[in-house]
J.: 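My questions all concern the structure below.
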Amino acid sequence: MAGIARYNGKNNWEEWREEWKGEDRYNFRTIEKKWQKICEDEKAYKVDIDHQKEKFYVLVEFPYPSGAGLHVGHPRSYTALDVVARKKRMQGLNVLYPMGFDAFGLPAENYAIKTGVHPAVSTKANIENFTRQLKSLGFSFDWDRCFNTCDPEYYKWTQWMFIQFWKHGLAYKDKMAINWCPSCKVGLANEEVVNGHCERCGAEVVRKNKEQWMLAITKYADRLIDDLQKVDFIDRVKSTQVNWIGRSEGAELEFELCDENGQPLAQKMVVYTTRPDTIFGATYCVMAPEHELVAQLADRFENAAEVKQYVENAAKKSELQRTSDTAKTGVELKGVKAKNPFNGQLLPVFISDYVLTGYGTGAIMAVPAHDQRDYDFAKVFGLPIVQVLDGGDISQQAWEEDGVHINSGFMDGMDKKQAMTAAIHYAEEHGFGRAKVNFKLRDWVFSRQRYWGEPIPMVYCPHCGWQPVPEDQLPLRLPDVPDYRPNDNGESPLANATEWLKTTCPKCGGEARRETDVMPNWAGSSWYFLRYCDPHNDKEFASQEALDYWMNVEWYNGGMEHTTLHLLYSRFWHKFLYDCGYVSQPEPYQKRTSHGMILASDGEKMSKSRGNVVNPDDIVDNYGADTFRLYEMFIGPFDQVAMWSEESLNGVYRFVSRVYALFQKVYADAVMSDDDLRAMHKCILDVGERIDQMKFNTAVSSLMTYVNHLAGMEKIPAPMYETLLKLLAPFTPHLAEEMWARLGHQSLIVAETWPIGDPALAEEQMVTLGVQMNGKMRGTITVAKNATKEETQSVALQLDNVARQIEGKEVKKIIVVPGRIVNIVV
RNA sequence: GCGGAUAUGGUGAAAUUGGUAGACACGCCAGACUUAGGAUCUGGUGCCGCAAGGCAUAAGAGUUCGAGUCUCUUUAUCCGCACCA
């Protein structure tokens, strides 16, 4: 604490007040810089494993260090959890609150293509800028744990983990139709396609067949849903995850394919349905145009040319065209019929692009009476519509609700649930079907034909196939290349690094070639929270001791935009590490919350093109970090969108200045009335409770109420002001430290203990309660807190207003709720 | 279409979970003061009305002694997902 002592030589606040008398202006610029330096010199926020203390791991999403610098949205999340971290620290917990940088990504690479500046160079500069900005806001991060994902010492472990995936059969290479962005020249995960457009550049996404590395996230689909029960995520986040995974229960049923006369062919067609109970209403079947049977049976089609044409057209269509065009098209496969296994009926078979190749089996049985899409298709093609569930008006639209089964053989009279069970049972018994669960979630496309990412540590040997780079050779460093542009045949810029490409097979030693694709952005952020536990370890991604001590994350906050992608990927990744025994719990985050976006004052998203961007540097410079932080907490409910307002910001500045000015009225010998004591304890209780409940905006308003109380006093007793500073310390750390020092304290307020409020002392002795007649407010009375019902009632009846209105009426009933209300019913 | 929200003064919002609607701020109005600062301080400010009083939580119904809060219906806005059989 040498630094503090040097700064503060005095021991009592009377002396201090004398000394600071001349300074009535709140000079946040010097004050904030001074305390940032002291806290850094003192390593006030450094944490280590301490088994004597209970740990608390607070996490915020680390930023992508863009060239634009920090956005005012970042501090909303960072300040909120900084408040939580600081409070927990003052409550005696060992708090880990780290920060790092998610440094691989497209913008740096695109910038490199434009300017020729190596991504490593621009990224480094951006990280420096971000670090400066974050430090200027006074967050209590343990900066010793800072790292970034493009550092080989970090991505070494990302690569190592990829190899573990591969060893466990969860990473595989597959040729498949992927979403291809013709502008970025890169394959995209489903998650990166927004309305058929590239999430980054907005270009229309097309389908392209490419060999891609895949991670088998679908193997974890069930657990990713089920384990949500174990964690405390806000409902919004949980339901988004469940929705995205899209679990549905149904059945796979086999249909024999026949010729026109019912003579069976060699092939069978398997369909997936969630409504096996409606099978007696199936009047035709549909396969996706890409279905393998379509090619296999091509010779049999009487209208082969027409079929071929349709298949080719479908292949040409972009994902967007295919999904936005809801008008039903299709072609019947003439010469082929499907036999309904339940009743032997021969059904026509169509191909249509409303059936998707990647979901279920790529083939369906169509029940137009009870599925609106089938209904629409049947209307276009004039196909029969057979109702098998009672209800609705089938002449108008499909009936998709529950009902009593009719025309359904052995299922007649059953409701949906009974019939589902019966149908599946029947199919299993006769060996042509089984219950089946399907997911919307697809495996994770893990290759990017790009430069600025982690090289995938795999080697292709003509004799031995794909082999991982030996683990002792990691990190596999990203080589320099002359040209960052991906080429048109869809190969990564790494394909240009001819020397780097050539290698030997780790297995047979023969000539081999490296994988040229890199990993997607999401890779590095899928496990970064583990690295914070032990960031400088060069033997393991983190030591067992560190992981056992620090994991799980108690509270993770981030943007709503990351609840589908990042959250799902990192949960999956963590579960895999759990299965391998590296981490001891199946879920990484105990609690997940999301903050609302901050919009510009015009209600629009902040963007360069609109010119409505607020730069955090300007706010820090003009109002100070404390005002900035406090304003972001006061701006509105934490989980909802908020609009930036310079006027409100100024109001918070006034509050901060008032706290500073109150110092002039602090006296050691001032007396505290019951009323003062009550105000203090009420504030302690409110602020603590509201921080825990993420109601930061109302926590600030109770601080304001307390300050208004202090401002009304002639002399402020020192303990009352000290309490204010402690409660304020998580929000406005610089101001709190400054005033704390001016009161004569030799140590930092960060290290102080959080005050404890006494509910008994916070309670009012007299309560004011409303008096209603027939539920309408007629006045208020003030009675002692512990007044009996009878006392309260008699006081209420004496009210002028009440007495007047009661006259001539019969009082039927008087309801007295002590401490709340009196209601007189006449 | 499906899923999730949200709706309260001129504005951002509170409301101890069914008990005095509008805390705390912004803005505005009036006044005071000054070394003119990003000032500060005092008072006022939901709407109608001189007042007594009446009306007010998107709209409508219901439950209740009592509803911003619970139930049903409707509307609007925002965010996801979207031909997932």
Side-chain angles (χ1 to χ4, degrees), chain A residues 24-26 194-195 234-240 242-244 246-248 250 271-275 278 286 322-328 352-356 358-367 370-374 376-377 400 438-442 560-561 563-564 596-597 622-623 631 634-637 639-655 657-658 661 686 689 695 697-708 711 767-781 801 812-817 819-826:
Chain A
D24 56 347
R25 261 197 77 221
Y26 164 49
V194 180
N195 284 332
I234 52 175
D235 289 345
R236 226 162 20 131
V237 171
K238 278 192 186 180
S239 68
T240 309
V242 170
N243 250 341
W244 187 266
R247 183 188 152 103
S248 74
V271 305
Y272 177 70
T273 176
T274 52
R275 295 295 304 275
T278 62
V286 188
R322 256 177 104 141
T323 53
S324 64
D325 206 3
T326 48
K328 299 287 182 286
S352 170
D353 61 8
Y354 86 91
V355 172
L356 308 174
Y359 184 76
T361 59
I364 62 155
M365 63 174 205
V367 184
H370 304 291
D371 182 291
Q372 192 58 43
R373 294 156 305 184
D374 299 345
D376 295 341
F377 188 89
E400 299 184 340
N438 263 329
F439 299 93
K440 288 185 201 172
L441 185 71
R442 313 288 165 83
M560 207 52 205
E561 69 275 18
T563 49
T564 35
M597 260 200 305
N622 292 328
Y623 295 89
Y631 170 63
F634 190 57
I635 195 167
D639 57 349
Q640 278 167 43
V641 273
M643 254 187 276
W644 187 263
S645 156
E646 191 97 8
E647 281 169 341
S648 297
L649 178 68
N650 202 36
V652 174
Y653 177 80
R654 285 208 281 262
F655 168 78
S657 312
R658 199 171 307 141
D686 280 356
E689 204 171 285
K695 291 168 147 189
N697 55 333
T698 55
V700 176
S701 56
S702 41
L703 286 164
M704 287 172 165
T705 307
Y706 183 53
V707 164
N708 288 346
V767 288
T768 302
L769 49 163
V771 179
Q772 302 180 327
M773 293 191 62
N774 292 341
K776 296 239 180 221
M777 280 297 301
R778 294 298 163 191
T780 59
I781 53 171
N801 226 342
K812 280 190 186 155
K813 199 166 157 193
I814 300 180
I815 293 151
V816 181
V817 184
R820 298 250 190 251
I821 200 111
V822 180
N823 193 6
I824 301 161
V825 186
V826 297

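Each chain gets a letter, A, B and so on, in the order its sequence line appears, and its residues count up from 1.
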J.: I'd like to check A:Gln772 versus A:Ile815 (side-chain heavy atoms, cut-off strictly below 4.5 Å). Are they in contact?
T.: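 The answer is no, as the side chains (C-beta and beyond) never meet within the 4.5 Å cut-off.
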J.: As a test of reading the structure: which of B:A85, B:G27, B:A21 is closest to the side chain of A:Ser248, going by heavy atoms?
T.: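 My answer, after comparing the listed nucleotides, is B:A85.
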J.: If you check the A:Tyr623 side chain, which of B:C41, B:G38, B:C83 turns out closest?
T.: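 The closest nucleotide is B:G38.
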J.: Per the atom types in the model, does the base of B:C83 pair as donor or acceptor with the side chain of A:Lys328 at under 3.5 Å?
T.: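 Counting by modelled atom types and ignoring angles, a donor-acceptor contact under 3.5 Å is found here.
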J.: Would a 4.5 Å heavy-atom cut-off, applied to side chains only, mark A:Ile814 and A:Ile824 as touching?
T.: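 Yes; the side chains approach each other to less than 4.5 Å.
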J.: Is there a side-chain contact between A:Ile364 and A:Asp374, using heavy atoms and a 4.5 Å cut-off?
T.: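 A side-chain contact exists here, since the closest heavy-atom pair is under 4.5 Å.
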J.: Please report the closest heavy-atom contact between A:Thr563 and A:Met560, naming both atoms and the distance.
T.: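 Heavy-atom minimum between the residues: OG1-O, 2.7 Å.
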J.: Using a 4.0 Å heavy-atom cut-off, does A:Arg247 contact any base of the nucleic acid, only the sugar-phosphate backbone, or nothing at all?
T.: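 No contact.
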J.: Reckon A:Asn708 has a side-chain N or O less than 4.0 Å from the OP1 or OP2 of B:A25?
T.: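 Yes, A:Asn708 has a side-chain N/O under 4.0 Å of OP1/OP2 on B:A25.
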J.: Just how far, in rounded Å, is P of B:A25 from CG of A:Leu703?
T.: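 That distance rounds to 11 Å.
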J.: Can you tell me how far P of B:U40 sits from OH of A:Tyr653, to the nearest Å?
T.: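 Whole-Å distance recorded here is 9 Å.
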J.: Map A:Asn438 and A:Asp235 onto RNA chain B by nearest heavy atom, then report which one ends up closer to the 5' terminus.
T.: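 So the residue in question is A:Asp235.
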J.: Using atom CD of A:Glu647 as one end and atom P of B:C24 as the other, report the distance to the nearest whole Å.
T.: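 Roughly 20 Å, once rounded to whole Å.
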J.: Considering only side-chain heavy atoms of A:Ser239, which listed nucleotide, B:A25, B:G4, B:C83, is closest?
T.: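 Of B:A25, B:G4, B:C83, B:G4 is nearest to the side chain of A:Ser239.
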J.: Does the side chain of A:Glu646 come under 3.5 Å of the side chain of A:Asn650 through a donor N or O and an acceptor N or O?
T.: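 The criterion, which ignores hydrogens and geometry beyond distance, is not satisfied for A:Asn650 and A:Glu646.
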J.: When the P atoms of B:C72 and B:C79 are considered, how many whole Å apart are they?
T.: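 Nearest-Å result for B:C72 against B:C79 at atom P: 26 Å.
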J.: Pick base, sugar-phosphate or nothing for A:Phe655, based on heavy-atom distances below 4.0 Å to the nucleic acid.
T.: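 The answer is nothing, as A:Phe655 stays clear of every strand by at least 4.0 Å.
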J.: Nearest whole angstrom, please: distance from the C1' of B:C79 to the CG of A:Asn243.
T.: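 Checked: the CG to C1' distance equals 13 Å.
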J.: Can you check whether A:Lys695 has a side-chain N or O nearer than 4.0 Å to OP1 or OP2 of B:A14?
T.: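 A:Lys695 to B:A14 OP1/OP2: no side-chain N or O under 4.0 Å.
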J.: Answer yes or no: is there a donor N or O on one side and an acceptor on the other, between the side chain of A:Asn438 and the main chain of A:Ser248, under 3.5 Å?
T.: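 Between the backbone of A:Ser248 and the side chain of A:Asn438 there is no qualifying donor-acceptor contact (under 3.5 Å).
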J.: For B:U71 versus B:U64, give the span between their C1' atoms, rounded off to a whole number of Å.
T.: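 Here B:U71 and B:U64 have their C1' atoms 12 Å from each other.
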J.: I'd like to know if the side chain of A:Tyr631 and the backbone of A:Ser645 have a donor-acceptor N/O pair within less than 3.5 Å.
T.: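 Here the side-chain-to-backbone pair exists.
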J.: Over all heavy atoms of both residues, which pair between A:Leu769 and A:Arg820 is shortest? Give the atoms and the distance, please.
T.: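 For A:Leu769 and A:Arg820, the tightest heavy-atom pair comes out as CB-O, 3.3 Å.
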J.: Tell me, do A:Arg658 and A:Val707 make a side-chain contact under 4.5 Å, heavy atoms counted?
T.: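 Counting from C-beta outward, A:Arg658 and A:Val707 do come under 4.5 Å.
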J.: Taking the same atom, P, in B:G1 and in B:C47, what whole-Å distance lies between them?
T.: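 My reading of the P atoms in B:G1 and B:C47 gives 40 Å.
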J.: Using the side-chain heavy atoms of A:Ser648, tell me which of these nucleotides is nearest: B:C26, B:C83, B:U16.
T.: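 Shortest atom-to-atom distance from the side chain points to B:C26.
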J.: What integer number of Å spans the C1' atoms of B:U8 and B:A23?
T.: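 Roughly 13 Å separates the two C1' atoms.
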J.: Mind checking if A:Gly636 touches a base, just sugar-phosphate, or nothing, with heavy atoms under 4.0 Å?
T.: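 The residue A:Gly636 makes no contact with any strand.
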J.: Between B:A14 and B:A82, how far apart are the C1' atoms? Round to whole Å, please.
T.: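 Roughly 38 Å separates the two C1' atoms.
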J.: Indicate the atoms forming the closest heavy-atom contact of A:Gln372 with A:Glu400, along with that distance.
T.: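 Heavy-atom minimum between the residues: N-OE2, 2.7 Å.
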J.: Sticking with atom C1', work out how far B:G68 lies from B:A58, rounded to a whole angstrom.
T.: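 Result for the C1' pair: 12 Å, nearest Å.
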J.: Please pick, from B:G27, B:C24, B:G4, the nucleotide with the shortest atom-to-atom distance to any side-chain atom of A:Met704.
T.: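 Nucleotide nearest to A:Met704's side chain: B:C24.
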J.: Between B:G19, B:U20, B:A85, which nucleotide has the shortest distance from any of its atoms to the side chain of A:Tyr272?
T.: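 Of the candidates, B:A85 comes closest.
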J.: Using a cutoff of under 3.5 Å, can you pull out all pairs of nitrogen or oxygen atoms linking the protein to nucleotides 61-65 of chain B, with atom names and distances?
T.:
from	atom 1	to	atom 2	distance (Å)
B:C65	O2'	A:Asn823	ND2	3.0
B:C65	O2	A:Asn823	ND2	2.5

J.: Given the C1' atoms of B:U16 and B:U11, what is the spacing between them in whole Å?
T.: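 To the nearest whole Å, 26 Å.
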J.: In terms of base orientation, is B:U64 syn or anti, with the syn window spanning 90° either side of 0?
T.: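 It is anti.
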J.: Atom CH2 of A:Trp244 and atom P of B:G4: how far apart are they, to the nearest Å?
T.: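 Rounding to the nearest Å, CH2 of A:Trp244 and P of B:G4 are 17 Å apart.
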J.: Tell me what A:Asp374 touches on the nucleic acid: a base, only sugar-phosphate, or nothing, going by heavy atoms under 4.0 Å.
T.: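 Nothing, no heavy atom under 4.0 Å.
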J.: Specify whether A:Tyr653 and A:Tyr26 have parallel, tilted or perpendicular ring planes, treating 30° as the upper limit for parallel and 60° as the lower limit for perpendicular.
T.: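 Ring orientation, 0 to 90° scale: tilted.
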J.: Using whole Å, what does the distance between atom P of nucleotide B:G66 and atom NZ of A:Lys812 come to?
T.: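 So the NZ-P distance, A:Lys812 to B:G66, works out to 11 Å.
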J.: How would you label the glycosidic angle of B:G22: syn (within 90° of 0) or anti?
T.: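 The base of B:G22 is oriented anti (glycosidic angle more than 90° from 0).
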J.: Heavy atoms only, 4.0 Å cut-off, all strands: where does A:Asn622 land among base, sugar-phosphate and nothing?
T.: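 Touches a base.
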J.: Which nucleotide sits closest to the side chain of A:Arg820: B:U17, B:G54, B:U20?
T.: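 It is B:U17.
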J.: A:Val825 and A:Asn774: which non-hydrogen atoms are nearest, and at how many Å?
T.: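 In this case the closest contact between A:Val825 and A:Asn774 is CA-OD1, 3.4 Å.
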J.: Mind telling me whether A:Tyr354 and A:Phe377 have parallel, tilted or perpendicular rings, with 30° and 60° as the class edges?
T.: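 Ring orientation of A:Phe377 relative to A:Tyr354: tilted.
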J.: Rounding to a whole Å, what distance do you find between A:Tyr354:OH and B:G1:C1'?
T.: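 Nearest whole value for this atom pair: 16 Å.
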J.: Let's see if you can work this out: which of B:A15, B:A23, B:G4 has an atom nearest to the side-chain heavy atoms of A:Arg236?
T.: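 Minimum distance to the A:Arg236 side chain belongs to B:G4.
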J.: Does B:C24 have its OP1 or OP2 closer than 4.0 Å to a side-chain nitrogen or oxygen of A:Arg658?
T.: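 Checking A:Arg658 against B:C24: no side-chain N or O falls below 4.0 Å of OP1 or OP2.
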J.: Checking all strands, does A:Val286 fall into the base, sugar-phosphate, or nothing category for heavy-atom contacts under 4.0 angstrom?
T.: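 No contact.
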J.: Check every strand shown and say whether A:Thr780 touches a base, only sugar-phosphate, or nothing at a heavy-atom separation below 4.0 Å.
T.: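 Counting heavy atoms under 4.0 Å across all strands, the contact made by A:Thr780 includes a base.
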J.: Mapping A:Gly651 and A:Met365 onto RNA chain B by nearest heavy atom, which one lands closer to the 5' end?
T.: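 Comparing both residues, the 5'-ward one is A:Gly651.
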J.: Please report the distance separating the C1' of B:G49 from the corresponding atom of B:U42, rounded so that it comes out in whole Å.
T.: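 After rounding to an integer number of Å, I get 28 Å for this pair.
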J.: Give the dot-bracket line for RNA chain B from 5' end to 3' end: parentheses for intra-strand Watson-Crick or G-U pairs under 3.5 Å, square brackets for crossings, | for inter-strand pairing, dots for unpaired.
T.: (((((((..(((......[....)))((((((.......))))))(((....)))..(((((..]....))))))))))))....
J.: Rounded off to whole Å, could you give me the NE2-to-P distance for the A:His370 and B:A85 pair?
T.: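 Interatomic distance, NE2 of A:His370 to P of B:A85: 17 Å.
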J.: Which nucleotide wins on minimum distance to the side chain of A:Thr273, given the candidates B:G4, B:A85, B:U16?
T.: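 Nearest to the side-chain atoms of A:Thr273, counting from C-beta on, is B:A85.
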J.: Would you indicate what A:Thr563 reaches in the nucleic acid, counting non-hydrogen atoms under 4.0 angstrom: base, sugar-phosphate, or nothing?
T.: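 If one applies the 4.0 Å heavy-atom cut-off, A:Thr563 turns out to touch nothing in the nucleic acid.
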J.: Rounded to the nearest 0.5 Å, how far does OG of A:Ser701 lie from CZ of A:Phe655?
T.: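 Answer rounded to 0.5 Å: 10.0 Å.
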J.: The side chain of A:Phe634 lies closest to which of these nucleotides: B:U6, B:A15, B:A25?
T.: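 The answer is B:A25.
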